[in-house]
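Let me begin by presenting the structure, written as structure tokens, before commenting on it.
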Number of protein chains: 2
Amino acid sequence: MGQLRRVSACESVVEYIKNGIIDGRLKPGDRLPSEQRLSELLGVSRGTLREAFKKLQLMGVVAVKQGEGTFVTKVSPGAMMRSLSPMLLMDHSSILELIEARKIIEAETASLCCLRASPAEIEEIEAILKAMTECSNLDLEHFDELDIEFHMRLAKAAKNRVLLRILETLRDLLFEQIREVLKDPEGATRACKYHRQIYSALVDRDPKLAKRHMLAHLKNVEDTLVQMLLHEKPIES
Amino acid sequence: MGQLRRVSACESVVEYIKNGIIDGRLKPGDRLPSEQRLSELLGVSRGTLREAFKKLQLMGVVAVKQGEGTFVTKVSPGAMMRSLSPMLLMDHSSILELIEARKIIEAETASLCCLRASPAEIEEIEAILKAMTECSNLDLEHFDELDIEFHMRLAKAAKNRVLLRILETLRDLLFEQIREVLKDPEGATRACKYHRQIYSALVDRDPKLAKRHMLAHLKNVEDTLVQMLLHEKPIES
DNA sequence: AATAATACAATCATCAGATCATTGGAGGAC
DNA sequence: GTCCTCCAATGATCTGATGATTGTATTATT
């Protein structure tokens with residue numbers, strides 16, 4: 001009997017690593033022992049260990065690099081964005097739900113950002129804004145990255161890791177859609193304008209204004225996206 | 001050297017399954033071929049296949065059941081929010097961040113609920129509220145379940161699957177804390193009062209009022225929790 | 001005939017031992 | 001000092017096996 005819970009070996013390994021980080025035995029940047037050694041150490045097979053790593057990878061706890069090893073990830077700035085989950089079998093309605101969620105959360109983080117951002121963080125955001133402005137005229141290539149970076153810095157300066165994590169996930173899910181919007185030079189110009197307004201409110205430490213501008217910005221993105229979705233139906237694989 | 005991207009075998013399998021769902025070859029509830037057969041079919045080893053399944057599992061795309069097989073699950077846009085909880089939930093500050101996130105999101109869902117809830121949904125919510133009122137005097141046992149049910153019905157009636165999924169995750173992470181608050185009879189009574197106010201606003205279809213009451217409710221929970229955290233320090237492992 | 005107990009087959013969970021591919025660094029050629 | 005080659009460490013993948021769990025067909029019992 002006793003089917004209460006037979007913990008899988010894989011899950012045990014995940015817990016082991018997680019606890020190691022929690023109690024400080026493992027720190028961000030640390031390299032774990034090789035698969036060979038760790039599997040012997042924990043008494044599980046390499047296959048099981050790799051499944052656990054796969055899970056930890058997806059949770060963003062570790063990063064695996066062939067030829068180098070497996071590392072505890074630091075909570076670094078938006079360094080590794082692409083690696084996360086793609087997964088887009090979304091219909092239009094779910095895209096709209098994603099955007100609605102983003103509007104709600106990001107409007108609030110913009111507001112919190114006004115209250116909590118350090119001067120250094122504001123400077124960093126300014127630098128990104130500057131790069132975006134210069135970028136928008138010539139190089140649309142990296143504009144989308146800067147756009148996302150702007151939003152993520154804002155969210156980070158809001159000092160709430162839960163909201164940040166949620167926005168990171170939403171960002172990944174909406175990444176392709178955002179790119180499409182920004183491919184249009186006019187869309188990029190508009191985005192710049194909104195970003196400047198948000199930044200201005202941030203400098204003035206005006207939460208309500210920042211919230212309003214962010215909402216206007218995302219509403220604009222939403223409208224553009226709706227237009228695009230109405231005219232193009234294909235969902236590229 | 002064309003190191004542009006060497007797609008890993010694991011990732012190929014993930015794409016294969018995902019595309020199968022997108023183009024309708026695989027439908028929710030379908031059982032995939034056994035690991036043995038599928039690995040031969042796709043030309044990868046079973047270990048690789050299992051790593052891919054691990055990832056798909058975490059993405060909420062498939063469910064693996066020992067002795068039965070691997071099944072395609074019904075996939076929702078909120079499915080990806082699952083991995084929010086890696087190592088969070090360890091110190092007090094992260095609990096407060098969780099509550100802050102909950103305040104922001106749930107206040108907005110209460111508002112949306114006023115705009116979108118069907119009469120039938122409002123009736124269901126009323127029934128839960130009634131049960132809570134009766135319950136609070138005698139049976140504190142199931143009161144917490146009803147409390148959570150109330151909030152979840154509200155979120156569901158807001159008709160946004162992404163926000164719903166986020167709140168489900170936050171609920172799981174905060175569950176123990178919520179229980180503690182409601183153990184106090186006075187806390188339960190207060191909760192009832194707030195719930196009635198929120199429900200009243202819902203009946204009147206007054207989004208702003210509902211939002212305000214929800215915020216007041218969660219602020220109260222937050223305050224109670226802060227008090228508790230100040231007096232008890234233990235962090236159970 | 002209906003029901004309970006058993007045996008069996010399918011399937012996932014895990015293990016053990018290999019080979020291939022990639023990375024970083026050591027050491028030599030210039 | 002700089003560049004190149006080679007090699008050891010490590011992850012990526014493969015192969016083949018055994019244990020654990022589930023559903024079902026079979027049998028025994030009433």
Side-chain angles (χ1 to χ4, degrees), chain A residues 1-17 20 26 28-74 76 79-80 82-86, chain B residues 1-18 20 26 28-73:
Chain A
M1 310 303 177
Q3 93 286 21
L4 259 182
R5 307 177 189 177
R6 189 180 171 288
V7 269
S8 70
C10 174
E11 222 51 39
S12 307
V13 175
V14 172
E15 285 303 315
Y16 174 80
I17 301 294
L26 295 172
D30 281 359
R31 201 186 84 171
L32 298 176
S34 73
E35 293 183 353
Q36 179 68 43
R37 254 195 296 277
L38 197 53
S39 70
E40 292 168 3
L41 197 67
L42 301 181
V44 301
S45 74
R46 278 192 60 213
T48 302
L49 189 67
R50 283 183 60 80
E51 286 187 40
F53 278 178
K54 201 81 199 174
K55 182 165 182 178
L56 288 166
Q57 233 178 314
L58 248 68
M59 295 197 308
V61 178
V62 306
V64 182
K65 300 181 185 177
Q66 183 171 353
E68 296 183 58
T70 302
F71 302 84
V72 179
T73 50
K74 8 188 155 182
S76 74
M80 32 98 69
R82 310 207 177 340
S83 59
L84 285 184
S85 54
Chain B
M1 306 299 175
Q3 91 288 18
L4 260 181
R5 302 177 192 181
R6 190 181 171 287
V7 270
S8 70
C10 173
E11 220 50 39
S12 306
V13 176
V14 171
E15 285 302 315
Y16 174 80
I17 301 294
K18 241 170 56 185
L26 294 172
D30 283 358
R31 202 186 82 172
L32 298 176
S34 74
E35 294 183 350
Q36 180 69 41
R37 254 197 296 279
L38 197 53
S39 69
E40 292 167 4
L41 197 68
L42 301 181
V44 300
S45 72
R46 278 193 58 220
T48 303
L49 189 67
R50 284 184 58 81
E51 286 187 41
F53 278 178
K54 202 80 199 175
K55 181 166 182 178
L56 288 166
Q57 233 178 313
L58 247 70
M59 296 197 309
V61 178
V62 305
V64 182
K65 298 180 185 178
Q66 182 170 357
E68 296 183 57
T70 303
F71 302 83
V72 179
T73 56

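Order of the sequence lines sets the chain letters (A, B, ...), proteins ahead of strands, with each chain counted from 1.
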Checking the side chain of B/Arg50 only, and the main-chain atoms of B/Glu35 only, is there a donor and an acceptor separated by less than 3.5 Å?
no
Is A/Thr48 close to A/Leu42 at the side-chain level, that is, under 4.5 Å between some pair of heavy atoms?
no
So, is [X] near the phosphate of [N], with a side-chain N or O under 4.0 Å from OP1 or OP2?
| X | N | value |
| --- | --- | --- |
| B/Thr48 | D/dA12 | no |
| A/Arg50 | D/dA12 | yes |
| B/Arg46 | D/dA17 | no |
| A/Ser45 | C/dT14 | no |
| A/Arg31 | D/dT10 | yes |
| A/Thr70 | D/dG11 | yes |

Would you mind telling me which residue lines up with the more 5' stretch of DNA chain C, A/Gly43 or B/Val64, judged by nearest nucleotide?
B/Val64
Within this structure, what is the [atom1]-to-[atom2] distance between [X] and [N], rounded to whole angstrom?
| X | N | atom1 | atom2 | value |
| --- | --- | --- | --- | --- |
| A/Arg37 | D/dT10 | CZ | P | 5 Å |
| A/Glu51 | C/dC15 | CD | C1' | 12 Å |
| B/Glu40 | C/dT11 | CD | C1' | 14 Å |
| A/Leu49 | D/dA12 | CG | P | 11 Å |
| A/Leu42 | C/dA16 | CG | P | 13 Å |
| A/Lys65 | C/dG24 | NZ | C1' | 12 Å |
| A/Glu35 | C/dA21 | CD | C1' | 13 Å |
| A/Leu38 | D/dT10 | CG | P | 12 Å |

If you check every side-chain atom of A/Glu68, which of C/dT14, D/dT13, C/dT23 has the closest atom?
C/dT23
Choosing from C/dC15, D/dT10, D/dC14, which nucleotide comes nearest the side chain of A/Val44?
C/dC15
Can a donor-acceptor pair under 3.5 Å be found between the side-chain atoms of B/Gln66 and the base atoms of C/dA13?
no
At under 4.0 Å between heavy atoms, what does B/Gly69 touch on the DNA or RNA strands: base, sugar-phosphate, or nothing?
sugar-phosphate
Heavy-atom pair with the smallest gap, counting every atom of B/Leu49 and B/Ser39:
CD2-N, 3.9 Å
Atom CG of B/Leu56 and atom NZ of B/Lys54: how far apart are they, to the nearest 0.5 Å?
12.0 Å
Would you give the length of the straight line joining atom CZ of B/Arg46 to atom OG of B/Ser34, rounded to the nearest 0.5 angstrom?
8.0 Å
